[in-house]
Trainee: 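Below: one structure in structure tokens.
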Amino acid sequence: MSIVEALMDGAKADTDVLYSLDKNGDNFTQFRDVDFLLRAPDAEKAQLVCDFINDQSYGKASVQEDTNVQVIINMPVTQSVILSVSAFFTCLSQI
């Protein structure tokens, strides 16, 4: 899958979640912890990505199950914000 396809798939999935939240009356401007999960091919790359995210203060990252990187960011989930942050992590995961 190309990076453009991954970005398009992610944007659609994120927008679908936002539609669901909107139907339930969510306030998108309210700050909350948002959880992102990045999957690495091995433990070494997972730790490298985790350290990079933490060093740059992009979020609070931790390695889970050796090859997954969980990132938590306290943020609003307005469409432009969530799609931008999600796209950044999609790009990071493709590198």
Trainee: How long is the span from the CD atom in Gln30 to the OG1 atom in Thr78, to the nearest 0.5 Å?
Mentor: 13.0 Å

Trainee: If we only count heavy atoms from C-beta on, is the Ser20 to Asp16 side-chain gap below 4.5 Å?
Mentor: no

Trainee: Between atom OG of Ser2 and atom CD of Gln94, what is the distance when rounded to the nearest 0.5 Å?
Mentor: 8.0 Å

Trainee: Look up atom CE in Met1 and atom CG in Leu7, then write down how far apart they are to the nearest 0.5 Å.
Mentor: 10.5 Å

Trainee: If you group Ile, Leu, Val, Met, Phe, Trp and Tyr whenever their side-chain heavy atoms sit less than 4.5 Å apart, what else falls in with Val69?
Mentor: Val17, Leu18, Leu21, Phe28, Val34, Phe36, Leu38, Val49, Phe52, Ile53, Tyr58, Val71, Ile73, Met75, Val77, Val81, Ile82, Leu83, Val85, Phe88, Phe89, Leu92

Trainee: Of all the heavy-atom pairs spanning Leu37 and Arg39, show the shortest one and how long it is.
Mentor: CD2-NH2, 3.9 Å

Trainee: Does the side chain of Ile3 reach to within under 4.5 Å of the side chain of Cys91, using non-hydrogen atoms?
Mentor: yes

Trainee: Should Val63 and Asn68 be marked as a side-chain contact (heavy atoms from CB on, under 4.5 Å) after you check the CA-CA gap, both sets of side-chain angles, and the distance that decides it?
Mentor: CA-CA 6 Å; Val63 175; Asn68 293 329; over 6 Å; no

Trainee: Under a 3.5 Å cutoff, is there a donor and acceptor pairing between the side chains of Gln64 and Ser62?
Mentor: yes

Trainee: In the structure I gave you, are the side-chain heavy atoms of Thr15 and Gln79 within less than 4.5 Å of one another anywhere?
Mentor: yes

Trainee: Is Asp26 salt-bridged to Arg32, cutoff N-O under 4.0 Å?
Mentor: yes

Trainee: Within a 6.0 Å radius of atom CD on Gln56, are there more than 12 heavy atoms belonging to other residues, nucleotides or ligands?
Mentor: yes

Trainee: Please say whether more than 12 non-hydrogen atoms of neighbouring residues, nucleotides or ligands are located less than 6.0 Å from CD in Glu44.
Mentor: no

Trainee: Once you round to the nearest 0.5 Å, how far does CG of Asn54 lie from NZ of Lys60?
Mentor: 9.0 Å

